[in-house]
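To start, the structure under review is shown below, and the notes come after it.
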Amino acid sequence: SVRKREMRSNGAPKTAEKKDYPKTDYSRWRLLDERGRQTWHYLKNDAEMKKWPQTTADRYHLGLETNLPDLPPPTGPLDSAENGYSFFSHQQLEPGNWGCQYGGPMFLLPGLVITLYSTNMPLTQAEQTEIIRYIFNMQNIGEKNGGDGGWGLHVEADSSVFGTAMNYTTLRLLGVPADDARMQMARSCLHDLGGALNGPHWAKFWLSVLGVMKWDIVNPVPPELWLLPDWVPISPWKWWIHMRQVFLPMGFLWSRKWSYPKADQDPLIQQLREELFTQPYAEITWAQHRNAISPRDNYHPKTWILNFLNWFLVLIYIPFIRFGWLIKRGEQWSWKLIQMEDANTDFSNLGPVNGPMNLLCCYIEEGPDAISVKRHRERMHDFLWVADTGMMMNGTNGVQNWDTAFAIQAMVAAGLADKVEYHQSLLKALEFLEDQQILEHAVGYEGSSAYSDPPTSKTCAEAGYRHARRGAWGFSNKDQGYTVSDCTAEALKSIIQLQTMPDPKDPSKKLFPTLLNEQRLKWAVDILLTMQNATGACSSYEPTRGGEYMEYLNAAEVFGRIMVEYDYPECTTACVTTLHLFHEVYPDYRAEDIQRFTKRAVEWIRTNQRADGSWYGSWGICFTYAGMFALESLATQGETYGNSERVKRACKFFIDRQNEDGGWGESYKSCETSQWCDHPDGSQVVQTAWTIIALLEAQYPEQAPIARAIKLLMDRQQPNGEWLQEGIEGVFNKSCMISYPNYKFIFPIKALGMYARRYQSDQAN
Ligand code: LAN
């Protein structure tokens, strides 16, 4: 049963509602990919359009008809995988990578728009039009999340003060009038939740920058914390990198109490001051609302320790102890660290939250015409993406390395990578990953004690507290340049897989060129070997530096488990499977280190399994995601269904949750609650594929349940090889969802191909 062909991005309401907001001409948008730097451009006229025609990928991402032909109906799972790749390979971009709308979080555009408004650097008309359209498309209206007119933390969430106050403000700054019917709904939703005063810390911060709130409402963010000696347990360098890199510019801005200079004269700001609150602006005693928060936003309530600390900072430290020299030194050192971050990322910055904040810091410190400001402003484009629902801000500056590595792995696992039809495409993917390996140390490493060869996990202040990176891959591209453990592992794995593949015509020859020499592969392994925690597990960007006690100081309210790095099964298993493969190919390189690492990591993976047989995933939803990685890594150690009680338990967990239709569907609520929650829409293509892969890796002995799942994947495939977008796939910080639209291609292709290889000519239907 083939469903109606329609392209719909995550989060868009399921009911057709009337679109009374202007739309740009979608035939004019083009995606430019310059060595992994992705930016969208709106062409001005026909001459430009002639010179730069729209590609299939452009059309696909924009939700326009791709006109890709119907393919011969698949005769079995392998055919279906090939049809899938045939469609997917048309979306491969010029440098060899894939891209996508990487949306979900609803708090990113507001930071950008507030920054650009307060610095008078407007977006183009086309961008504004599409941002407005996107935000309205994500509004909870009609059937969507109770239809109260607000916005949530992410596209599928119930309305919260954070989502509603920020997106309402953004729309107003982009010129939407307050008396618009949807704005009235949004306002009444906001007021029902107690108004913007009930927003979390980050909302209060941004609205103070804009001059709609007064800084007194913001709990302290003292930049002097950066002056603490490194050994102090709560020193910021020990925090999770995303928290400290947001805290850094935030502290600088808080310390300066900077806000939009024209706020008091700007009529729009005066209006917002009346629209966002339930009481008259003039009567608000700001300091009294520092801790106000609506229950909807309060995922991680502030602890009594943090409340006490804030009380101490406000009543004692700031008035009596925070001397001028302390402020000055804190700001100076912060500014230096901000500059280091800018220099080491060529102003790309770690992510979409600290990017606009760093821009503001440069604007304040160096003036509106500074080169730094100009470069930051250009970099903001790297985060913006145009989809069928409008223009949004991606969660990173792309998914380049990550999705490309998985695409390669899917084709290898499917046994399709040595077919001539796919050679060109996979070669391009390989070339892309080659180009994106980080080969330079971060500024500050050279000659400093932080760097040694091979690198260690030791860091120091001169290096901006950064982990070693030479030989690593990041999640997005080389410009951003941050080591991620599993991104390095998955990229390295896919490269080794291709570079060692024999030519089927002449097995004494290799099918793919050796683009990365042995030295570069070894650098990557050196990096992986620095990523292990004392527990044996791996974290995301660095080994864990601080204790879980830091969570007592989690001030963000809307996120859980954000203050330090944690042990993640996904990251740990990726390192295990890759080191296993590397060791098979290069048995002599650091063999003992690899063995020791693997032994400890596998031990951790075993103990991390829950009693019911599952693993909790932190970056994908949820138990299906982590279970797949865990079983794959155990399989590399020879641990499968036949010889392991543990693996049996894991398989049982999955089999018990298989739906009537043969698939699996898990809701994002699993992430929030740490308990399995069925997806309200039933089986999902992506989670079904993850589970199939898990069961195949585990060598689950029965074919029938897997065959039913395979049939579901094939039934959901469109005649042109495509799979349609379903529920959201990814998550971070327990509470915020994020979409991985390419997963609906990558993992079904892998699952179908693996199944075909295991059961050879058997057909699922
Ligand atoms: C990501 C995206 C990729 C993800 C994986 C590689 C999948 C994971 O295995 C390790 C962690 C990592 C790199 C990751 C970390 C947190 C990110 C960067 C994100 C989920 C994408 C967006 C998110 C970032 C924190 C969003 C900005 C929000 C803040 C709270 C600062």
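Indexing begins at 1, ligand by ligand and atom by atom, following the structure's order. Values in this document were obtained by computation on a predicted structure and should not be read as measured data. Heavy-atom basis, side chains included; hydrogens, waters and symmetry copies ignored.
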Derivation and outcome, ring-ring contact (aromatic ring centres under 6.0 Å, His included), residues Phe559 and Tyr299: CA-CA 6 Å; Phe559 305 118; Tyr299 182 77; 8.8 Å; no
Ion pair present between Arg296 and Asp158, side-chain N to carboxylate O less than 4.0 angstrom?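 Salt bridge absent between Arg296 and Asp158.
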Only one of Thr573, Thr530, Thr572 passes side chain to side chain contact (heavy atoms under 4.5 Å, CB included) with Cys538; say which it is.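 When Thr573, Thr530, Thr572 are each tested with Cys538, the side chain to side chain contact (heavy atoms under 4.5 Å, CB included) holds only for Thr572.
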Can you say whether the rings of Phe162 and Phe107 are parallel (under 30°), tilted (30 to 60°) or perpendicular (over 60°)?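 Parallel: the ring planes of Phe162 and Phe107 meet at under 30°.
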Do Phe623 and Trp615 have ring centroids that are under 6.0 Å from one another?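 So the answer is no for these two rings.
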Per-pair distances, ligand 1 N/O vs protein N/O, less than 3.5 Å:
from	atom 1	to	atom 2	distance (Å)
ligand 1	9 (O)	Asp486	OD1	3.4
ligand 1	9 (O)	Asp486	OD2	2.3

Please answer whether the main-chain N or O of His61 pairs with a side-chain N or O of Gln101 as donor and acceptor at a distance below 3.5 Å.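 Checked: no pair found.
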